[in-house]
Amino acid sequence: MKTQKFGQDRINDVRKRLSTLSDEDYDYEIFDFLSDKENLDEKLSVLQLEIMATYILEYEVNNGGFDQFFLNNEDKYIDAAINGLKKIEAVEFTSLAEKAKEIYLSNINQAIIGRNHEFDVLDDSFYDLPSYRTQRIAFTKKHLDEILIDN
C-alpha cells in the first residue's frame, strides 16, 4: 500500500539537499531517493532502474560476491545493472557483470543450493578494480533532471 507519493515538492527537497553534499553523500542520497521510490511501489523509469541496479550490484558483490547478488535478487536486476554500468562507462565492471550473468544462467540450480565457485575469479576482479562510484556520480550529476523525476 502506498503511504506517500513522490511529488515535485519532495523531489525539490532532494535536489536542494544534493546541492550541499559531498560527492560520497550525494551518491548515497541518489540511492536513497531511488530505493525509496521503489519501496513505495512507484514505477521507476528505465534510467532510474539502471542506476539503482548499479548500487545494488555494488553493495551485494562487496558484501558477499556475485553469489550474494544472485541469491538475494535472482536475475531481477542484472540486465538493468549491466545497462547502467554501460551508461556510466564502467567498462571492466560491465564485462564482469555480463560474465556473472552467463555463469548464473548456465547454473541456476547451483545458485539455489549454495556457493558457485565459478564466481570467485569475478569477485576477486571486482574487488581489485577501483570503484565505479566516481563514474556514477559524474553521470548522475550530468543526468540529474532525468533521475529526479516523478513518473
Side-chain angles (χ1 to χ4, degrees), residues 1-104 111 115-116 119-151:
M1 181 171 102
K2 292 183 187 180
T3 57
Q4 186 175 23
K5 178 148 174 62
F6 269 75
Q8 197 57 48
D9 288 341
R10 190 150 182 214
I11 290 170
N12 289 340
D13 288 343
V14 170
R15 186 180 298 278
K16 189 175 182 179
R17 275 195 311 278
L18 288 172
S19 69
T20 66
L21 299 175
S22 68
D23 280 352
E24 186 174 328
D25 289 337
Y26 176 99
D27 195 44
Y28 290 125
E29 186 72 25
I30 293 291
F31 175 69
D32 287 344
F33 170 79
L34 295 173
S35 61
D36 285 350
K37 277 187 69 95
E38 184 179 59
N39 289 335
L40 291 170
D41 293 328
E42 298 230 359
K43 182 166 175 51
L44 297 178
S45 72
V46 170
L47 179 61
Q48 288 172 328
L49 178 61
E50 290 169 346
I51 295 304
M52 189 178 78
T54 67
Y55 289 99
I56 293 168
L57 178 72
E58 178 185 27
Y59 296 153
E60 295 282 11
V61 174
N62 282 331
N63 194 40
F66 280 101
D67 275 306
Q68 177 146 342
F69 174 78
F70 288 109
L71 178 65
N72 290 340
N73 304 290
E74 296 178 346
D75 61 356
K76 179 179 178 182
Y77 293 109
I78 191 62
D79 289 328
I82 290 168
N83 291 335
L85 291 168
K86 286 178 182 176
K87 284 188 174 151
I88 67 172
E89 299 178 3
V91 177
E92 297 93 347
F93 288 101
T94 302
S95 177
L96 292 172
E98 289 171 337
K99 289 174 187 171
K101 178 184 174 183
E102 289 174 22
I103 291 169
Y104 172 78
R115 183 154 176 74
N116 183 336
F119 288 133
D120 292 348
V121 171
L122 299 179
D123 293 343
D124 291 341
S125 295
F126 192 98
Y127 305 142
D128 288 343
L129 289 169
S131 172
Y132 52 80
R133 175 179 281 178
T134 323
Q135 292 158 280
R136 182 174 54 221
I137 293 167
F139 181 89
T140 57
K141 285 183 175 183
K142 185 176 180 181
H143 297 274
L144 191 60
D145 289 339
E146 298 166 63
I147 294 168
L148 294 184
I149 59 170
D150 184 25
N151 9 352

Would you check if Leu47 and Glu50 make a side-chain contact, meaning some heavy-atom pair closer than 4.5 Å? yes
Can you confirm whether Leu18 sits close enough to Leu148 that some side-chain heavy atom of one is under 4.5 Å from a side-chain heavy atom of the other? yes
Do [X] side-chain atoms and [Y] backbone N/O form a donor-acceptor pair below 3.5 Å?
X      : Y      : answer
Asn116 : Asp67  : no
Tyr132 : Thr54  : yes
Lys37  : Ile149 : yes
Gln48  : Ile147 : yes
Gln135 : Glu89  : yes

Output, in order, the C-alpha distance, side-chain angles, deciding distance and verdict of side-chain contact (heavy atoms from CB on, under 4.5 Å) for Val14 and Glu29. CA-CA 8 Å; Val14 170; Glu29 186 72 25; 4.2 Å; yes
Got a second to check how far [X]'s [atom1] is from [Y]'s [atom2], nearest 0.5 Å?
X      : Y      : atom1 : atom2 : value
Met52  : Tyr55  : CE    : OH    : 11.0 Å
Phe126 : Leu96  : CZ    : CG    : 7.5 Å
Leu21  : Lys16  : CG    : NZ    : 12.5 Å
Ser125 : Phe119 : OG    : CZ    : 13.5 Å
Thr140 : Phe31  : OG1   : CZ    : 13.5 Å
Glu98  : Asp79  : CD    : CG    : 10.0 Å

Shortest non-hydrogen contact between Ala81 and Ala53, atoms and distance: N-CB, 3.4 Å
Dump the intermediate steps for side-chain contact (heavy atoms from CB on, under 4.5 Å) on Phe139 and Ile51, then the final yes or no. CA-CA 9 Å; Phe139 181 89; Ile51 295 304; 3.7 Å; yes
Over 12 non-hydrogen atoms of neighbours within 6.0 angstrom of NZ in Lys142: no
Using a strict 4.0 Å threshold on nitrogen-to-oxygen distance, state whether Asp32 and Arg17 make a salt bridge. no
In plain terms, say whether Arg133 and Asp23 are close enough for a salt bridge, that is, a side-chain N and a carboxylate O under 4.0 Å apart. no
Given Ile30 and Leu144, is the side-chain contact (heavy atoms from CB on, under 4.5 Å) satisfied, shown in steps? CA-CA 9 Å; Ile30 293 291; Leu144 191 60; 3.8 Å; yes
Would you check, one step at a time, whether the test side-chain contact (heavy atoms from CB on, under 4.5 Å) holds for Leu49 with Lys43? CA-CA 9 Å; Leu49 178 61; Lys43 182 166 175 51; over 6 Å; no
Side-chain donor-acceptor distances from residues 57-65 under 3.5 Å, at least two apart:
from, atom 1, to, atom 2, distance (Å)
Glu58, OE1, Arg136, NH1, 3.2
Glu58, OE1, Arg136, NH2, 2.7
Glu58, OE2, Ser131, OG, 3.4
Glu60, OE1, Gln68, NE2, 3.2
Glu60, OE1, Asn72, ND2, 2.9
Glu60, OE2, Asn72, ND2, 3.3
Asn62, ND2, Glu58, O, 3.2

